[in-house]
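The model shown is predicted, which means the values in this text are computed figures rather than measured ones. The figures that follow rest on heavy atoms only: side chains count, while hydrogens, waters and symmetry mates do not.
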Amino acid sequence: MAHQQRSQPRLSPTGDTEDMVMSLAPRLAYFAGVARTEHVTRAAQELNVPQSTLSRAMVRLEQDLGVDLFARRGRTVSLTPAGHTFLTSVERALAEIGRAAEEVRADADPATGKVAFGFLHTMGAETVPGLLQAFRADHPRVRFSLVQNYGEAMLEGLRAGELDLCLTSPVPDAPDLVARRLDEQKLRLVVPADHRLAARRRVRLAEAADETFVTLEPGYGLRRITDDLCKEAGFKPRVAFEGEEAETLRGLVAAGLGVALLPPPTVPRPGVVELTVTAPRAVREIGVAWLAGHPDTPPVAAFKKFLLSRRGSLLP
């Protein structure tokens, strides 16, 4: 018996695609099972669903598409040309869903799962490698997806579900985030080696009020701290350059382009002198943040516990 295209599809091809997908998706595995066995009864047994449920699902699927997918001879069925076309894409979609399921299960595995972890540029040379090495001593097969960025970008990564945890500064205070202070880091006034203040060991920040500063770009936590400390010292810094890397700023200070407030370097930089700031108190707090109400996989929970255990001893 020849089957023709149905004249009144329940879902129009020109209708809302999302609505169509939501309607079709639950029946795709049923369709693939019937197509594979070419027998409704055997497919129902393999899929562990009542035969009547399976038959109705196939009829509804054809109605929704407005196309006959099967030629029926009793309980035996065969695919129409439209059915063959549809099956190719359905099998590809189901395989992709299977791969996605395996991936998320693997990422949640307590021993071999994955942690998406963000951290500041200034913590990439020494602090984070040391943390990962220490954590992996007890969790050697846990995998990390690492993102190095500035604070605001990492917080947006948390909100977008792209990161599980991040080390950032200042410690955020937002209703949708949970943050814990882990440590604090002293900031230095970095000046060229031939600067008028270079012979000093300590300095009040107000003594640099007339200097030109090189700073990180707006949006970076260290830039906000620099602006706040200068304001507390009674002046607004004159900014000659805005960059993305602390070591770039040190190089510009060495070249005489200005002074900067920076955390200590991993390796001393020639051409600059790092002065202790006595007033105001020049520190930045380092904390770990995560999305409030976000459930942790076992590897994320283990790494979070590890970070919190390093409170007060996070920095080298």
Original post:
Side-chain contact, heavy-atom cut-off 4.5 Å: Val77 with His39?
Top reply: no
**OP:** Nearest 0.5 Å please: distance from the OH atom of Tyr220 over to the OG1 atom of Thr226.
**Re:** 13.0 Å
Original post:
How many angstroms lie between atom NZ of Lys304 and atom CG of Leu308, to the nearest 0.5 angstrom?
Top reply: 7.5 Å
Subject >> Pairs flagged by salt bridge (Lys or Arg N to Asp or Glu O under 4.0 Å) wherever residues 29-57 is involved - sequence neighbours left out >> reply: Arg36-Glu46
**OP:** Identify whether Val288 and Val147 are in the same connected component of the hydrophobic contact network (ILVMFWY, side-chain heavy atoms under 4.5 Å).
**Re:** yes
Original post:
Taking the side chain from Thr88 and the backbone from His84, do they hold a donor-acceptor pair closer than 3.5 Å?
Top reply: yes
Subject >> Val272 and Pro192, any side-chain heavy atoms less than 4.5 Å apart >> reply: no
**OP:** Determine whether the aromatic ring centres of Phe70 and Phe86 lie less than 6.0 Å apart.
**Re:** no
Subject >> Pairwise side-chain contact, Leu47 with Tyr30, heavy-atom cut-off 4.5 Å (strictly under) >> reply: yes
Original post:
Within a strict 4.5 Å, meaning less than it, do heavy atoms of the Glu242 and Pro218 side chains meet?
Top reply: yes
**OP:** Take Asp109 and Arg105, measure what salt bridge (Lys or Arg N to Asp or Glu O under 4.0 Å) needs, and give me the verdict at the end.
**Re:** CA-CA 6 Å; Asp109 185 275; Arg105 281 200 292 262; over 6 Å; no
Subject >> Interatomic distance, Leu197 atom CG to Arg202 atom CZ [nearest 0.5 angstrom] >> reply: 14.5 Å
Subject >> Leu120 side chain near Met154 side chain, heavy-atom distance below 4.5 Å >> reply: yes
**OP:** Would you check if Arg284 and Arg224 make a side-chain contact, meaning some heavy-atom pair closer than 4.5 Å?
**Re:** no
Original post:
Checking Thr80 side chain against Leu69 main chain: does a donor-acceptor pair fall under 3.5 Å?
Top reply: yes
**OP:** Could you point out which residue of Leu261, Val259, Leu249 forms a side-chain contact (heavy atoms from CB on, under 4.5 Å) with Val214?
**Re:** Leu249
**OP:** For Pro298 and Ala108, work out which heavy atoms get closest and say how close.
**Re:** CD-O, 3.3 Å
Original post:
Going through the checks in order, is the side chain to side chain contact (heavy atoms under 4.5 Å, CB included) test met by Asp176 and Arg159?
Top reply: CA-CA 8 Å; Asp176 61 335; Arg159 293 181 172 108; 2.6 Å; yes
Original post:
Between the main-chain N or O of Val49 and the side-chain N or O of Thr53, is there a donor-acceptor pair closer than 3.5 Å?
Top reply: no
Original post:
Under 4.5 Å between side-chain heavy atoms, hopping through other hydrophobics if needed: is there a path connecting Leu229 to Val171?
Top reply: no
**OP:** Run the numbers on Glu245 and Arg250 for salt bridge (Lys or Arg N to Asp or Glu O under 4.0 Å), then give the verdict.
**Re:** CA-CA 9 Å; Glu245 292 277 355; Arg250 269 195 177 82; over 6 Å; no
**OP:** Return the minimal non-hydrogen interatomic distance between Ala44 and Gln51, and the atom names on each side.
**Re:** CB-CA, 3.7 Å
Original post:
With distance as the sole test, does Glu207 use its side chain to make a donor-acceptor pair with the main-chain N or O of Arg204 at under 3.5 Å?
Top reply: yes
**OP:** For Val178 and Arg180, work out which heavy atoms get closest and say how close.
**Re:** CG1-NH1, 3.4 Å
**OP:** Taking the side chain as every heavy atom from C-beta outward, state whether Leu187 and Val277 have any atom pair closer than 4.5 Å.
**Re:** no
Original post:
So, the side chain of Arg136 versus the backbone of Val142: is there a donor-acceptor pair under 3.5 Å, distance only?
Top reply: yes
**OP:** Before giving the answer on side chain to side chain contact (heavy atoms under 4.5 Å, CB included), spell out for Val115 and Ser145 the whole-Å C-alpha distance, their side-chain angles and the decisive distance to 0.1 Å.
**Re:** CA-CA 6 Å; Val115 180; Ser145 173; over 6 Å; no
Original post:
Looking at SG of Cys166 and CE of Met123, how far apart are the two atoms once the value is rounded to the nearest 0.5 Å?
Top reply: 11.0 Å
**OP:** For the residue pair Phe117 and Phe119, categorise the inter-ring angle as parallel (less than 30°), tilted (30 to 60°) or perpendicular (more than 60°).
**Re:** tilted
Original post:
Any Lys/Arg nitrogen of Glu62 or Arg72 sitting under 4.0 Å from an Asp/Glu carboxylate oxygen of the other?
Top reply: yes
**OP:** Over 60° means perpendicular and under 30° means parallel, so classify the ring planes of Phe213 and Phe235, tilted if in between.
**Re:** tilted
Original post:
Using a distance-only test with no angle check, is there a side-chain donor-acceptor pair under 3.5 angstrom linking Glu211 and His195?
Top reply: yes
**OP:** Kindly work out whether a path of hydrophobic side-chain contacts (I/L/V/M/F/W/Y, heavy atoms less than 4.5 Å apart) joins Leu262 to Val283.
**Re:** no
Original post:
Picking from Leu222, Ile225, Asp183, what satisfies side-chain contact (heavy atoms from CB on, under 4.5 Å) with Ser169?
Top reply: Ile225
**OP:** Look at the side chain of Arg310 and the backbone N and O of Leu314, then say whether any donor-acceptor pair between them is shorter than 3.5 Å.
**Re:** no
Original post:
Considering only heavy atoms from C-beta outward, does the side chain of His121 approach that of Glu244 to under 4.5 Å?
Top reply: no
**OP:** Grab the two heavy atoms, one from Val40 and one from Ser55, that are nearest each other, plus how far apart they are.
**Re:** CG1-OG, 3.4 Å
Subject >> Where Asp164 and Lys114 come nearest, the two heavy atoms and their spacing >> reply: OD2-O, 4.2 Å
Original post:
Is the backbone N or O of Pro81 less than 3.5 Å from a side-chain atom of Thr85, with the two atoms forming a donor-acceptor pair by type?
Top reply: yes
Subject >> Audit row: Leu155, Leu177, side chain to side chain contact (heavy atoms under 4.5 Å, CB included) steps and yes/no >> reply: CA-CA 8 Å; Leu155 299 186; Leu177 300 175; 4.0 Å; yes
Subject >> Thr212 and Phe241: CA distance, side-chain angles, deciding distance, side chain to side chain contact (heavy atoms under 4.5 Å, CB included) verdict >> reply: CA-CA 9 Å; Thr212 299; Phe241 176 81; over 6 Å; no
Original post:
Which is it for Arg238 and Asp210 under the salt bridge (Lys or Arg N to Asp or Glu O under 4.0 Å) test, yes or no, and what are the steps along the way?
Top reply: CA-CA 8 Å; Arg238 292 186 293 113; Asp210 295 331; over 6 Å; no
Original post:
How close do Gly118 and Leu163 get, heavy atom to heavy atom, and via which atoms?
Top reply: N-CD2, 3.8 Å
Original post:
Taking atom CG of Leu146 and atom CG of Leu132, what is their separation to the nearest 0.5 Å?
Top reply: 6.0 Å
Original post:
Should the pair Glu184-Arg281 be classified as a salt bridge under the 4.0 Å nitrogen-to-oxygen rule?
Top reply: yes
Original post:
Distance from Thr266 atom OG1 to Glu126 atom CD, nearest 0.5 Å?
Top reply: 5.0 Å
Original post:
Under 3.5 Å, is there a donor-acceptor pair linking the side chains of Arg188 and Thr276?
Top reply: yes
**OP:** State plainly whether the residues Arg143 and Asp107 are in salt-bridge range, i.e. N to O under 4.0 Å.
**Re:** yes
Subject >> Set of side chain to side chain donor-acceptor pair (under 3.5 Å) partners for Thr215, sequence neighbours left out >> reply: Arg223
